[in-house]
A.B. asks: 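Pasting a structure here, questions to come.
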Amino acid sequence: ALRLAWCQRRTSRTPIVQRRQEFALRLQRGNPSPRPCERGPARALSAGQLRDLCDHFLEFIRRRNMYYVCANVVKPLTEPHRLSYAELAGPRVV
């Protein structure tokens, strides 16, 4: 019984993992077919896209810096797709 409880706890989703999964679904609805694009002015984010990211993860970010955001939010969202965050969210032209 103790081992079962340990295994369940180990495999349970943490709050940030749950929040990333919610946000990944939201990104997918907004950009259902993300694909790579060339670096440059056509691979940018709008202020609204950055605000959505910030708002969705605000309780985790608090007063932390972008090193935290990249390691704990952006990288886990983008790694499965091997795309930049702009490509995943839907690139905008600057």
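FYI, side chains are in, hydrogens and waters are out, and symmetry mates aren't considered; it's all heavy atoms of this structure.
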A.B. asks: Heavy atoms only: give me the nearest Pro76-Ala71 pair and the separation to one decimal.
C.D. replies: CD-O, 3.4 Å

A.B. asks: Determine the minimum heavy-atom distance between Asn72 and Arg20, stating which atoms define it.
C.D. replies: O-NH1, 2.6 Å

A.B. asks: With sequence neighbours excluded, what pairs up with Arg19 under the salt bridge (charged side-chain N to carboxylate O under 4.0 Å, His left out) test?
C.D. replies: Glu22, Glu59

A.B. asks: For Pro34, which of Leu27, Thr78, Leu88 qualifies under side chain to side chain contact (heavy atoms under 4.5 Å, CB included)?
C.D. replies: Leu88

A.B. asks: Decide yes or no for Val73 and Tyr85: does some side-chain heavy atom of the first lie under 4.5 Å from some side-chain heavy atom of the second?
C.D. replies: no

A.B. asks: Using a 4.5 Å cut-off on heavy atoms from C-beta on, say whether the side chain of Leu83 contacts that of Pro36.
C.D. replies: yes

A.B. asks: Is there a side-chain contact between Val74 and Val69 in this structure, where contact means two heavy atoms from C-beta onward sitting under 4.5 Å apart?
C.D. replies: yes

A.B. asks: Could you pull out the closest heavy-atom pair between Leu45 and Ala89, with the gap in Å?
C.D. replies: CD2-CB, 4.0 Å

A.B. asks: Is Ile16 reachable from Met66 through a run of hydrophobic residues whose side-chain heavy atoms are each under 4.5 Å from the next?
C.D. replies: yes

A.B. asks: Please find the pair of heavy atoms, one from Leu77 and one from Ala24, that lie closest to each other, and give the distance.
C.D. replies: CD2-CB, 3.9 Å

A.B. asks: Please report the closest heavy-atom contact between Ala42 and Cys37, naming both atoms and the distance.
C.D. replies: O-SG, 4.3 Å

A.B. asks: Taking atom CD of Gln18 as the centre, does the number of heavy atoms from other residues, nucleotides or ligands within less than 6.0 Å exceed 12?
C.D. replies: yes

A.B. asks: Can any side-chain N or O of Asp52 pair as donor or acceptor with the backbone N or O of Asp55 at less than 3.5 Å?
C.D. replies: no

A.B. asks: Flag the pair Leu53 / Gln49 as yes when at least one side-chain heavy-atom distance between them is below 4.5 Å, and no otherwise.
C.D. replies: no

A.B. asks: Between Tyr67 and Leu58, is there a shared hydrophobic cluster once you connect ILVMFWY residues whose side-chain heavy atoms come closer than 4.5 Å?
C.D. replies: no

A.B. asks: Once salt bridge (charged side-chain N to carboxylate O under 4.0 Å, His left out) is applied, do any residues pair with Arg43, and if so which ones, sequence neighbours excluded?
C.D. replies: Glu87

